[in-house]
Amino acid sequence: MYYDASALIKYFPYFLPAAWMTIKISVLGILLGLGLGLTAAFARISRRTVLNAPARAYVYVIRGTPLLLQLLFIYYGMRSVAGLDAVPSAVLALGIHNGAYIGEVFRGAIQSIAPGQMEAARSLGMSHCRAMFRIILPQALKRAVPSLGNQFIIALKDSSLASAITINELLLKAQQLASSNFMMMEMLTVAAFFYLFYTGVFTWLFARVEARLAVSART
């Protein structure tokens, strides 16, 4: 069989709904992961065992098991318990998975800020919580942007695992079309185009954010 380049244009429109599904579950998963990650980061740096221990366990379990296993576990477990559909299950799995990694990114960024800044803020009468959100966290967020950008791109590519629970994202669409037209390489090429386009756009966006933050830091 030969490679039919004309099929790339012919079947391109068939991928558009799957491309939207891919970006939707990726963005929702990363937004959930940001919330969970920031919560986990604060719990990890807390001196209270009741907060620190569960956060450490959460990070250990999620980072120590593959995303596909977590996805299947949540999908089949939550469907039997709460009747959760495939898309919410995928978003939840991606959010929980990304949250563990984002939490470590935030934790490292927060702990990279000189302790003297917290001490100075407290000496001015600020509470620990106010000093964290007014002084420490804004600086930590700037330092975390490059790693967060990388994690977003990883989450985008990890969304392809949602095909395992029959979500009609790019990879599953490529497999479905190839099963009918017998053009596996051509369909995978179209799917690859969308992934490369998405990663290129997000890489550019995060580069702009980094540049803007670098300028604001110098002024």
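Computed from a predicted structure; not experimentally measured. In what follows, every heavy atom counts, from backbone to side chain, and hydrogens, waters and symmetry copies are set aside.
The backbone N or O of Ala109 lies less than 3.5 Å from a partner atom in the side chain of Ser112, making a donor-acceptor pair. A donor-acceptor distance shorter than 3.5 angstrom exists from the side chain of Ser123 to the backbone of Ala120, with no hydrogens or angles considered. Of the possible polar contacts, one joining the Glu186 side chain to the Asp4 backbone as a donor-acceptor pair under 3.5 Å is found. Gln176 places no side-chain N or O within 3.5 Å of a backbone atom of Ser179 that could act as its donor or acceptor partner.
A 4.5 Å side-chain heavy-atom check between Ile135 and Ile113 finds every atom pair outside the cut-off. Between Met183 and Leu177, the closest side-chain pair of non-hydrogen atoms is not below 4.5 Å. For the pair Tyr3/Leu8, a side-chain contact is recorded, criterion being any heavy-atom separation below 4.5 Å from C-beta on. Contact check for Met21 versus Asn168: no side-chain heavy atoms found under the 4.5 Å cut-off. For the pair Thr65 and Phe73, the minimum side-chain heavy-atom distance is 4.5 Å or more. Using a 4.5 Å cut-off on side-chain heavy atoms (C-beta onward), Asn181 and Met187 make contact.
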Inset, instruction - Step by step, work out the side-chain contact (heavy atoms from CB on, under 4.5 Å) result for Met118 and Met132. - result: CA-CA 7 Å; Met118 175 61 78; Met132 176 63 71; 4.1 Å; yes

Inset, instruction - Take Tyr198 and Ile153, measure what side-chain contact (heavy atoms from CB on, under 4.5 Å) needs, and give me the verdict at the end. - result: CA-CA 8 Å; Tyr198 284 152; Ile153 292 172; over 6 Å; no

Inset, instruction - Please report the C-alpha distance between Leu32 and Leu94 in whole Å, then the side-chain angles of each, then the deciding distance to 0.1 Å, and finally whether the side-chain contact (heavy atoms from CB on, under 4.5 Å) criterion is met. - result: CA-CA 8 Å; Leu32 177 59; Leu94 287 171; over 6 Å; no

Inset, instruction - Please lay out, stage by stage, how Thr22 and Phe15 fare under the test side-chain contact (heavy atoms from CB on, under 4.5 Å). - result: CA-CA 10 Å; Thr22 293; Phe15 281 84; over 6 Å; no

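Val190 and Tyr14 fall within a single hydrophobic cluster, where Ile, Leu, Val, Met, Phe, Trp and Tyr side chains are chained together by heavy-atom contacts under 4.5 Å. Under the 4.5 Å side-chain contact rule for hydrophobic residues, Leu205 and Ile23 share a cluster. The cluster map of Ile, Leu, Val, Met, Phe, Trp and Tyr, joined by side-chain heavy atoms under 4.5 Å apart, puts Tyr76 and Leu92 in different clusters. Hydrophobic clustering of Ile, Leu, Val, Met, Phe, Trp and Tyr side chains at less than 4.5 Å, counting indirect connections, keeps Leu170 apart from Ile154. Note on Leu156 and Val145: same hydrophobic cluster, where clusters join Ile, Leu, Val, Met, Phe, Trp and Tyr whose side-chain heavy atoms are under 4.5 Å apart, directly or indirectly.
A pairwise comparison of heavy atoms in Ser163 and Leu172 identifies CB-CB, 3.7 Å as the closest pair. Val105 and Ala144 make their closest contact through CG1-CB, 3.8 Å (heavy atoms, listed as atom of the first residue, atom of the second, distance). In this structure, Ala18 and Lys173 approach most closely via the heavy-atom pair CB-CB, 3.7 Å. Here the shortest heavy-atom pairing between Tyr195 and Leu171 reads OH-N, 4.1 Å. Residues Leu51 and Ser46 share a closest heavy-atom pair of CD1-OG, 3.7 Å. Annotation for Ile30 and Ala155: closest pair CD1-CB, 4.1 Å, computed over non-hydrogen atoms.
Relative orientation of the Phe152 and Phe202 rings is tilted, given thresholds of 30° and 60° on the angle between their planes.
Between the OG atom in Ser89 and the CD1 atom in Ile167 there is a gap of 7.5 Å [rounded to 0.5 Å]. Atom OG1 of residue Thr49 and atom CG of residue Asn52 lie 6.5 Å apart, to the nearest 0.5 angstrom. Taken from CZ in Phe194 to CD in Glu169, the straight-line distance is 12.5 Å, to the nearest 0.5 Å.
Screening Thr39, Ile45, Leu148 against Phe106 for a side-chain contact (heavy atoms from CB on, under 4.5 Å) leaves a single residue, Leu148. For the side-chain contact (heavy atoms from CB on, under 4.5 Å) with Leu161, the lone residue among Leu72, Leu71, Leu69 that qualifies is Leu71.
Environment of CE in Met185: sparse, with no more than 12 heavy atoms of neighbouring residues, nucleotides or ligands closer than 6.0 Å.
Shown here are the side-chain contact (heavy atoms from CB on, under 4.5 Å) partners of Ile62, two or more places apart in sequence or in another chain: Tyr58, Gln70, Ile96, His97, Ala100. Evaluation of the side-chain contact (heavy atoms from CB on, under 4.5 Å) rule for Phe133 yields Phe42, Cys129, Leu137 as partners, not counting sequence neighbours.
The salt bridge (charged side-chain N to carboxylate O under 4.0 Å, His left out) contacts involving residues 39-66 comprise Arg44-Glu104, Arg63-Glu104, where partners must be two or more places apart or lie in separate chains.
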